[in-house]
Amino acid sequence: MSNKKLTTATGSPVADDNNSISVGEHGSLTFDNHYTFEKLAHFNRERIPERVVHARGTGAYGTFTVTRSLKDKTIASFLQTIGQKTEVFARFSTVGGGQDSSDYARDPRGFALKFYTDEGNYDMVGNNTPVFFLRDAIKFPDFIHSQKKDPRTNLPNPAAIYEFWANHPQSLHQLTILMSDRGIPASYRNMHGFSSHTYSFWNEQGQRFWFKWHFKSNQGIKCLSNDEAAATSPVGAQQDLVEAIDQGDYPSWTAKVQIMTEDEAQDYKINPFDLTKVWPHADFPLIEVGQLELNRNVDNYFAETEQACFAPSNLVPGIGVSPDKMLQGRLLAYQDAHRYRVGANANQLPVNAAKCPVNHYQRDGAMAGDCPVHGDSNVQDSGVNYYPNDQINSGAPSPVSFVEEPAMPILENAWVKRYSTDGDDHYSQAGDLFRLMNESQKDQLTTTIAEGLVQATESVQHRMLIQFGKADIDYAARVKSIMETTK
Ligand code: HEM
């Protein structure tokens, strides 16, 4: 018999966990059943809202090790010294499906990292693709609505998916990646990760550098065809990661950055803050800076992976954002999602809590933690709760001016207004990617597109063919000819 006592949620020993209290052997239950009520009530609250996107995912802990110091570019404390190690929590995900959808959808994969640095948590909330479908946050809800299930039938709707893309040529580059032979990663270990956005570093001299993250899989890229994906277990990617780590076969990625100076950004041929474009490696080579290894599974999927809260606004001194309009929108969206999905004090949960002292004047809210006085803790302090105050010398927190970011440049003579970027070049990089593909890759890409596009209206098909044609005449011709044979 186990020595561990079964208790109520408040620690009282429980006499019987099989039988409720009833009036006689066959009678109704009574109000004395507070323990049964506790169980049923807690059970009703076992779920929190799933993430509105990236609902299906899997997480693990690991280590980031610096292999090249970035001291000349940033004051970020975790990037200073070769050999320096920082604990990381990673979560990989699909985007469009719900929590119990397949790991093998043709969908981008989320690649989110939380670095527990000694100056606070830094989150790199990226994808397995270097670009995205959009370049303005105002479009994100429309885009996601068009890709998720139809509101009436609750079924996938390829007509709506392609209607969105027909109206947004800015998506063509990412669409070409998604429909290509790289559209379904064989596992989370076999894909790269990208910040996609441009962020900024700043150094001790107050110089700013624009940069992008690239995490290159040391396992190599492996992908599945549509048929292979359909025949694979829907939980396969999760199982692959958990089992590899349990068996000590730790997956790893080589971390690289591309760096652009402020001067280079001024007159570079493409807008460096346009999330639908890559920075060509010939102009901005990849610089290796570290190794990421995942080496510990979570103990409790719900407590850790499900309640993990990643936010592009979780930044540390030395790393800032950029004028990318998508990124700016994300600075609001994630914290707001966490307050709704997990709660006002989500950052006190162990997976989200910083490993360094957290001292602030925010108070209360659901599930507020305990209250040491000026205690350098990760929870709320019971000391003075306003700033400024007269207790700075006795331990009340005060701001640290040397971590002030250098002023953000405005790279143009600007008015505050809505700027339409519809006239931009949406086609060159998509065309370049198409021309890089071999025959079989071109076949795979255009067949996958044709199979979906054939289900859209004629007007949508027509507008999509114009887009493919602007990228490369052969791209459009192939899609058109396969559609004709599929009809
Ligand atoms: C303005 C555009 C975007 C908006 C409004 C947005 C919004 C969101 C929201 C609300 C969540 C759920 C957060 C949660 O409940 O914890 C989420 C998750 C996520 N997003 Fe975005 N997103 C945008 C663009 C992007 C882009 C461009 C990327 C990649 C470069 C990205 C990567 C991710 C990842 C990886 C997750 C899952 C994080 C996790 O594992 O918990 N998102 N997004």
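This chain uses plain numbering: 1 for the first residue, then up along the sequence. Order of listing sets the numbers, starting from 1, for every ligand and every atom in it.
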**Q.** Short N-O contact, Lys216 and Glu288, less than 4.0 angstrom
**A.** no

Q: Run through Asn167, Ile144, Leu134 and flag the one making a side-chain contact (heavy atoms from CB on, under 4.5 Å) with Lys139.
A: Leu134

In the protein, what heavy atom is nearest to [atom], and what distance, to one decimal place, separates them?
atom: atom 1 (C) of ligand 1; value: Ala137 CB, 3.4 Å
atom: atom 39 (C) of ligand 1; value: Arg91 NH1, 3.1 Å
atom: atom 16 (O) of ligand 1; value: Arg341 NH2, 2.9 Å
atom: atom 41 (O) of ligand 1; value: Arg51 NE, 2.8 Å
atom: atom 35 (C) of ligand 1; value: Gly126 O, 3.2 Å

Give the atoms of ligand 1, by number and element, whose distance to some non-hydrogen atom of [X] is under 4.0 Å.
X: His338; answer: 14 (C), 16 (O)
X: Asn127; answer: 28 (C), 29 (C), 30 (C), 32 (C)
X: His197; answer: 27 (C)
X: Phe132; answer: 27 (C)
X: Leu275; answer: 27 (C)
X: Met326; answer: 1 (C), 2 (C)
X: Ser196; answer: 30 (C)

**Q.** Leu134 and ligand 1 - part of the residue with a heavy-atom distance under 4.0 Å
**A.** neither

Would you say the rings of [Y] and [X] are close, in the sense that their centroids are separated by under 6.0 Å?
X: Tyr116; Y: Phe89; value: no
X: Phe201; Y: Phe209; value: no
X: Trp165; Y: Phe133; value: yes
X: Phe273; Y: Trp210; value: yes
X: Trp253; Y: Phe92; value: yes

Q) Should we say atom NE2 of His281 is surrounded by more than 12 heavy atoms from elsewhere, each under 6.0 Å from it? A) yes

Q. Excluding waters, which protein N, O or S atoms are within less than 2.8 Å of atom 21 (Fe) of ligand 1?
A. Tyr334 OH

Report the relative orientation of the aromatic rings in [X] and [Y]; use parallel for angles under 30°, tilted for 30 to 60°, perpendicular for over 60°.
X: Phe143; Y: Phe140; value: tilted
X: Phe115; Y: Phe215; value: tilted
X: Tyr122; Y: Phe78; value: tilted

Q: For residues Leu465 and Val479, determine if any side-chain heavy atom of one lies less than 4.5 Å from a side-chain heavy atom of the other.
A: yes

(Q) So, 4.0 Å and heavy atoms of Phe111: is ligand 1 close enough to count as a contact? (A) yes

Q.
I'd like to know if Lys139 contacts ligand 1, where contact means a heavy-atom distance under 4.0 Å to any ligand atom.
A. no

Q) Stepwise, does the side-chain hydrogen bond (donor to acceptor under 3.5 Å, both in side chains) test hold for Gln238 with Arg56? A) CA-CA 9 Å; Gln238 180 152 37; Arg56 171 142 188 86; 2.8 Å; yes

